Amino acid sequence: MNNIPVVMIIFGGSGDLAHRKLYPALFNLYEKGLIKDNFAVIGTARRPWSHEYLRGQVVQAISESNEHYDEQAAANFASHFYYQSHDVTDIDHYIALKKLAEDLDEKYHAQGNRIFYMAMAPRFFGTIASHINDQHLVGSGFNRLVVEKPFGHDLASAEELNKIIQGSFDEENVYRIDHYLGKEMVLDITPFRVTNPLVRNSWNAEVIQNIQVTVGESLGVGTRGGYYDTSGALRDMVQNHIFQIITLLAMPEPKKLTSQDIHQAKKDLLDSLEIPTKKDVEEHFVRGQYEAGKDNPAYLEEDQVDPNSNTETYTAGMVKFKRGPIAGVPIYYRTGKELKEKVTRIDIVLKQVENSYGTTEPNVLTIIVDPSKEIIFTINGKKVSGSGLREELLKFNYSQAELDKIPDGYERLIHDILVGDNTNFTHWAELKQYWKFIDAIEAAWSELNKEGKKPATYKPGSFGPASANNIFENPTDKWIYR
Ligand code: NAD
């Protein structure tokens, strides 16, 4: 598909996400011809910018993301951008926006197709979605709504937001975006699991001992302390990115690779998600806050953070399902700020079996999502000299030429929105289950707060609090990546 006709409205056109991610991703899609002559983008935000000023910002965003960019192409691309100063709470502004969208639709022959991208603070999502509807901003062609994270703060607020959105858009036109679902190695999980007999035949509770998902960030909250203190690692990372990865690891094989079958497989799995009790939370979940380090204040001393805050900058826990190929297998996760490194990896630990060599190390299948993109199988092999065994690594990685071609998650997902493929977006049925799980942990933590139990602390540059080493169901299990 090429030269898709569309008018795209970006709410939050002066924001960080638009600048760093959306404009460069759209430019790459323009260079590839997916959008070409028949598209226009309206950037809206409160600042009184002009069309020209926005175009300058777009070119700057492209130059910052790729120093070898084609200046003429970037200028041509930016000429499709228009700015509308807009306060999302002011109805009159939607009337002006509707008029501009209709004029541009005519000018660019966009065939009444609209994409509404909400790249703004989540508290505005409901307001925008309902005004798109009551001020009739939808076009006569396709109409798709893109919703950034977080979708709600808990199950109740997510349900409320969803109700408002569904008043204006059908579920199939709601694209709840999670850029982890656009990452190369995350997209590789299903083909890796399903098409390789060695892996496929091992993907069950008889063979897999446990799975470990690690998402580390090396920085602290920086200038986002005010927002972060109302969220925490569980809501910020586990509720979306980590659960998406876990779902792909544990879902039954979809009948076909259609969006419908994949979402059905995910739903079948998530309906069997075990919701933790307070006792489970005390035994298998940990929350932590970073201490002061060489280059950072302690979390409780960060700007705009409540000095008595119980908000976690680190969390580790356990997820289990009653159905699916690995029903009953514990899936452990951990994520945090100010950790040893920025990394996203999955370690699949295989059960050790009695053998004539005696005690041997477990085999581990590792998928490194970021920063490198690799699959590593850690096995036992014979030592070359002397007797006994040693650890050996079977490795897959991409050539530099291939790495250079891998699109960013946003580029891939915006492509999917343009062509109307919602496979790699979060369905409401999935999101609902994620929130049930998160709410149960938050409720248990809030009980613990009342009992005077605070989050553990951890040293910056570590892998989190020592107590995270004790969350395993089987006492001989341990974190593979240390
Ligand atoms: P930001 O604060 O940089 O930008 C917010 C935008 O909203 C700005 O353009 C601002 O002018 C506009 N705005 C604020 N109040 C307004 C109002 N009343 N009327 C009209 N416009 C108004 O935020 P961001 O970092 O770009 O994040 C936007 C969304 O994207 C959030 O939901 C965030 O969680 C999500 N997100 C951001 C990133 C990222 O890397 N920045 C990554 C993943 C998800």
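Basis for what follows: all heavy atoms, side chains included, without hydrogens, waters or symmetry-related copies. Since the structure is predicted, the reported quantities are computational estimates derived from the model, not experimental observations. Indexing begins at 1, ligand by ligand and atom by atom, following the structure's order.
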Original post:
Would you say Pro150 and ligand 1 have an N/O pair spaced under 3.5 Å apart?
Top reply: no
**OP:** Could you tell me whether some N/O pair between Arg20 and ligand 1 is separated by less than 3.5 angstrom?
**Re:** yes
Subject >> Atoms of ligand 1, numbered as shown, that sit under 4.0 Å from any heavy atom of Gly12 >> reply: 6 (C), 7 (O), 9 (O)
Original post:
In terms of atom number and element, which parts of ligand 1 are under 4.0 angstrom from non-hydrogen atoms of Ala119?
Top reply: 28 (C), 29 (C)
**OP:** Scan Lys21, Lys405, Lys32, Lys183 and name whichever one has a salt bridge (charged side-chain N to carboxylate O under 4.0 Å, His left out) with Glu411.
**Re:** Lys32
**OP:** For ligand 1, note which part of Phe151 has a heavy atom under 4.0 Å away: side chain, backbone, both or neither.
**Re:** neither
Subject >> Location of contacts on Trp49 toward ligand 1, heavy atoms closer than 4.0 Å >> reply: neither
Subject >> All side chain to side chain donor-acceptor pair (under 3.5 Å) counterparts of Asp90, not counting sequence neighbours >> reply: none
Original post:
Is the Tyr94 to His86 ring centre distance short of 6.0 Å?
Top reply: yes
Original post:
Just to confirm, does any protein heavy atom lie below 4.0 Å from atom 23 (O) of ligand 1?
Top reply: no
**OP:** Look at Lys267 together with Asp271 and state whether they make a salt bridge at an N to O cut-off of under 4.0 Å.
**Re:** yes
Subject >> Ion pair check, Glu102 and Lys98, cut-off under 4.0 Å >> reply: yes
Subject >> Nearest non-hydrogen protein atom, atom 35 (C) of ligand 1 >> reply: Glu148 OE1, 3.6 Å
Original post:
Of the choices Met120, His93, His179, which has the non-hydrogen atom that lies closest to atom 29 (C) of ligand 1?
Top reply: Met120
**OP:** Start with the C-alpha gap between Ile375 and Met185, add the side-chain angles, then the distance that decides, and say whether side chain to side chain contact (heavy atoms under 4.5 Å, CB included) holds.
**Re:** CA-CA 9 Å; Ile375 298 178; Met185 299 313 286; 3.7 Å; yes
